[in-house]
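Working notes, beginning with the structure itself.
Just so it is clear, the structure is predicted and the values come from calculations on it, not from any experiment. Values reported hereafter were calculated over all heavy atoms of this structure, with side chains retained and with hydrogens, waters and symmetry mates removed.
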Amino acid sequence: MAVSTIAITSAVIFLWGVLSARLQHADLTAPIVFVGVGGLFAAAGLVDARSAPEALQPLVEVALVWVLFSDAAGVPFRQVRRDAGRYLRLLAVGLPLTVLAGWVLADSLFPDLGIWLALLVGAALAPTDAALGLPVVTNPAVPVRVRQLITVESGVNDGIVTPVVLFALAGATAVQGNSGAAWLGEALVELGVGVVVGAGVGLGGGWLLQWARRRGWASEDVVGVAVLALALVAYAGALVVHGNGFVAAFCGGLAFGAAAGRRGPAELVFLEQAGGLVSLLVWLAFGALAIPIAVDHVDLSIVLYAGLSLTVVRMVPVALACLGAGLDRDTVLFVGWFGPRGLASLVFALLTLEELGDAADGAVAIIGVTVLLSVLAHGLTAAPLASRYERALTRRGIGDGEGLARHRSGPRVQDPDDPGHA
């Protein structure tokens, strides 16, 4: 990468930090800004599309490792226990239905992809990214439990769907290389080894940090750095024993969150900040590499798939999963719409591009157009629809902005933070 490109990228990141609050107030999120900058890089010829995927592979892999680990470790299980049924519905029912619907739709609209790349597209576009809807998950106008529902779902679903994406990628690679059926067993073994290694590293690391804190051995100045390294230990350790590093990172995060104790969330701050920096670079890389591919391959079928992926493919499974969950219609529609596709989807696309080269262009174009549409649609509608949702709850006497609700029609106090019972 040219020194001029590095200088411009660093300057853009600095300016984003200076102007971020002002730009976010204007509904310009970080993904919108950095995808746009990446597109400008491509248009100006500052990025070599042929060599960039290989050069960016470590960045993309590290970004996914840190995102999977921090998202999994940051799930507030103790706080969301009373709504566990709703989370389980979205993750155990809604997510598989979304993957299945996306797979069937991709295979129907793009038969040339083949069954494995169609599965990869459906799975890669199933996880959501709450960062794209930041004005929603940080907006006090939205009830607390709804914000938690969206945040926890997006924090866990990328890890759940990662094995499916990697399994589909292994299948597509085997087909391209005319490999036999041996890849299937190898892929399953890698996933299993990743689970074991990740859980062991996360539990051991979380317990050791807690033990060291109690004895005053661990300096608060460097604990965050230690957690950052622990995520990489889980990933690299799995690779050493021929396991799946990404699955190990996710399972390691879950185990660390369970073992680290009450100080665990504070120890994740540095990891989240480092992951945020790398994520900005990945968004920029997406704009520079995937957008030109999407532009070259875009047609009516891809636009149709992108629109259906963000609406029907997401919202119908969410509605089915929420049947009997006690959520009112406005809340189901709100949660269903705010399933933006973001960092995990584009990282999967970049990994596919690195693994398959030109053979992945069709799948990358579909994912790229869908994520780009999501960046714009969800980024620009987050604040307006959050306000509209608040007004709808207020008219029905369900919410007061912080989610402490009371029915206007009677003296009974509704369950705090629960928008579900109209």
Side-chain angles (χ1 to χ4, degrees), residues 61-81 83-84 87-88 90-92 95 127 130 148 151-167 187-215 217-218 220 222-276 278 343-344 347:
E61 292 180 353
V62 167
L64 185 57
V65 167
W66 284 346
V67 167
L68 290 173
F69 190 96
S70 62
D71 282 354
V75 174
F77 288 110
R78 295 182 180 86
Q79 298 177 21
V80 302
R81 189 175 301 168
D83 274 343
Y87 299 111
L88 188 62
L90 287 178
L91 296 170
L95 182 60
Q148 282 189 335
T151 302
V152 173
E153 181 199 11
S154 69
V156 177
N157 59 16
D158 51 0
I160 294 175
V161 84
T162 294
V164 181
V165 173
L166 298 176
F167 184 74
L188 293 175
V189 170
E190 287 181 1
L191 294 176
V193 172
V195 171
V196 173
V197 172
V201 170
L203 282 173
W207 175 84
L208 185 60
L209 274 178
Q210 193 175 29
W211 180 83
R213 282 197 309 269
R214 286 198 300 265
R215 286 158 177 76
W217 290 7
E220 295 297 329
V222 296
V223 164
V225 179
V227 177
L228 189 80
L230 186 67
L232 297 176
V233 169
Y235 171 73
L239 294 182
V240 168
V241 293
H242 306 291
N244 190 287
F246 298 119
V247 172
F250 179 72
C251 293
L254 288 174
F256 176 83
R262 293 184 177 181
R263 286 289 300 165
E267 293 168 351
L268 291 172
V269 172
F270 183 75
L271 174 59
E272 292 169 350
Q273 291 174 338
V278 176
L343 185 66
V347 167

[atom1] of [X] to [atom2] of [Y]: how many Å apart, nearest 0.5 Å?
X: Gln210; Y: Arg215; atom1: CD; atom2: CZ; result: 10.5 Å
X: Asn244; Y: Thr162; atom1: CG; atom2: OG1; result: 8.5 Å
X: Asp71; Y: Asp158; atom1: CG; atom2: CG; result: 5.0 Å
X: Leu95; Y: Leu88; atom1: CG; atom2: CG; result: 11.5 Å
X: Trp66; Y: Leu268; atom1: CH2; atom2: CG; result: 13.5 Å
X: Phe250; Y: Ile160; atom1: CZ; atom2: CD1; result: 5.5 Å

Review point. Would you say the side chain of Leu228 lies within less than 4.5 Å of the side chain of Phe270, judging by non-hydrogen atoms?
Key: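 A side-chain contact exists here, since the closest heavy-atom pair is under 4.5 Å.
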Check your understanding: Side-chain contact, heavy-atom cut-off 4.5 Å: Val347 with Val67?
Key ->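 Not in contact.
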Nearest heavy-atom pair of [X] and [Y]: which atoms, and what distance?
X: Ala231; Y: Val65; result: O-CG1, 3.7 Å
X: Phe256; Y: Leu230; result: CD1-CD2, 3.6 Å
X: Gly245; Y: Ala238; result: CA-CB, 4.0 Å
X: Ser70; Y: Glu272; result: CB-CG, 4.1 Å
X: Phe69; Y: Gly252; result: CE1-C, 3.5 Å
X: Glu190; Y: His242; result: CG-O, 3.4 Å

Point to revise | Tyr235 ring center near Phe246 ring center (under 6.0 Å) | key: yes
Study note, to complete from the structure: Hits for side chain to side chain donor-acceptor pair (under 3.5 Å) against Asn157, two or more places apart or cross-chain, chain-then-number order -> Thr128
